[in-house]
Amino acid sequence: MFFFLFLTAASLLSTANVFGAPKKNTDFITYSGPGFTLQIPSKWNPSKEIEYPGTVLRYEDNSDAVSNVSVIVIPTDKKTIKDFGSPQEFLSQVDFLLGKQAYSGKTQSEGGFDPDAVAIASLLESSSYVSNGKEYYNISVLTRTADGDEGGKHQLITATVKDGKLYVCKAQAGDKRWFKGARKFVESTASSFNVA
């Protein structure tokens with residue numbers, strides 16, 4: 001009887017992590033999509049919204065839809081990501097990812113915007129790297145609009161080409177949430193993107 005109680009108590013204590021076993025990382029879940037893998041924040045949910053043609057995945061933060069990740073897969077005649085040119089030249093060819101200004105009226109130059117403009121995109125940094133023999137581009141952009149919503153959006157774009165397809169991962173968060181902790185989730189998600 002004593003032996004049985006000892007085993008029961010020991011098993012309860014070990015499941016309660018009383019003995020200090022290393023904790024598993026529960027901040028992210030692994031998603032395996034058609035030809036790619038990605039780490040998605042565990043508190044983000046699938047979204048049915050299709051923002052761009054070729055969207056095969058979209059997840060968003062349960063409490064803030066501005067924080068989200070999308071994976072877009074579209075056909076291309078390019079053999080590698082370098083065939084698009086530099087990261088900046090690549091961005092100019094996929095600028096639909098940043099949104100387009102819909103307002104076309106007259107405005108004053110105000111709040112850092114040019115006259116007649118109510119939106120701006122600033123390239124913060126860009127780089128390239130090789131993983132599993134494939135070249136990738138990493139691009140960080142801050143977009144702002146005149147309405148001041150969230151103070152702008154940090155958008156991280158990771159892209160590569162494989163077998164006649166352009167794979168793009170775009171993870172983003174509003175500027176206010178970026179500095180309140182969303183940065184960790186967005187950067188980790190974008191950097192985990194891997195095309196098999």
Side-chain angles (χ1 to χ4, degrees), residues 24-78 81 84 90-104 118-121 124 131 134 136-196:
K24 294 180 181 175
N25 181 356
T26 58
D27 288 343
F28 296 90
I29 57 170
T30 301
Y31 180 93
S32 294
F36 67 91
T37 59
L38 182 69
Q39 295 289 311
I40 298 174
S42 60
K43 294 183 180 179
W44 289 17
N45 294 319
S47 168
K48 293 181 181 178
E49 184 176 342
I50 305 288
E51 286 181 285
Y52 315 106
T55 298
V56 295
L57 165 103
R58 187 172 190 283
Y59 271 69
E60 62 187 36
D61 189 322
N62 352 352
S63 62
D64 171 39
V66 172
S67 298
N68 63 64
V69 62
S70 296
V71 174
I72 300 102
V73 181
I74 51 179
T76 183
D77 60 351
K78 312 290 190 212
I81 196 74
F84 284 94
F90 167 75
L91 185 60
S92 71
Q93 295 173 59
V94 294
D95 62 352
F96 63 89
L97 294 171
L98 305 176
K100 297 282 185 183
Q101 177 172 307
Y103 180 77
S104 61
V118 294
I120 189 169
L124 301 179
S131 177
K134 284 182 282 313
Y136 288 78
Y137 281 164
N138 275 339
I139 302 168
S140 176
V141 177
L142 175 63
T143 57
R144 295 185 319 123
T145 57
D147 67 4
D149 185 35
E150 277 284 332
K153 295 177 188 170
H154 287 267
Q155 302 187 40
L156 305 182
I157 298 167
T158 304
T160 192
V161 171
K162 182 180 180 203
D163 297 334
K165 294 178 184 173
L166 172 64
Y167 290 81
V168 179
C169 172
K170 184 186 108 171
Q172 74 175 23
D175 193 50
K176 292 176 187 173
R177 293 183 190 273
W178 180 263
F179 291 106
K180 291 182 179 177
R183 178 181 189 162
K184 165 189 162 185
F185 296 104
V186 173
E187 286 179 339
S188 295
T189 298
S191 67
S192 73
F193 183 62
N194 185 45
V195 174

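Within 6.0 Å of atom NZ in Lys165, 12 or fewer heavy atoms from other residues, nucleotides or ligands are found, so the atom counts as exposed in its surroundings.
Both tests do not hold together for Lys162 against Tyr167: distance to the six-membered ring centre under 6.0 Å, angle to the ring axis within 45°.
Taking 4.5 Å as the limit, every side-chain heavy atom of Ser42 sits out of range of all side-chain heavy atoms of Trp44. Put simply, the side chain of Glu187 reaches to within 4.5 Å of the side chain of Leu156, judged on heavy atoms. For the pair Ile81/Leu166, a side-chain contact is recorded, criterion being any heavy-atom separation below 4.5 Å from C-beta on. Using a 4.5 Å heavy-atom threshold, the side chains of Arg177 and Val66 count as separate. A heavy-atom distance below 4.5 Å is found between the side chains of Val195 and Tyr136. Taking the side chain as every heavy atom from C-beta outward, Ile74 and Val168 never approach each other to under 4.5 Å. You'll find the side chain of Ser47 stays beyond 4.5 Å of the side chain of Asn68, heavy atoms only. With contacts defined as side-chain heavy-atom distances shorter than 4.5 Å, the pair Leu97/Val141 does not qualify.
No donor-acceptor distance shorter than 3.5 angstrom exists from the side chain of Tyr52 to the backbone of Phe96, with no hydrogens or angles considered. Between the side chain of Thr30 and the main chain of Gln39, no donor-acceptor pair closer than 3.5 Å is present. Ser188 contributes no side-chain N or O that, together with a main-chain N or O of Phe185, makes up a donor-acceptor pair within less than 3.5 Å.
A salt bridge links Lys184 to Asp27: one of the charged nitrogens lies within less than 4.0 Å of a carboxylate oxygen.
Considering CG of Leu91 and OH of Tyr137, their distance stands at 11.5 Å, rounded to 0.5 Å.
Between His154 and Trp178, the two ring planes are parallel [angle under 30°; tilted spans 30° to 60°].
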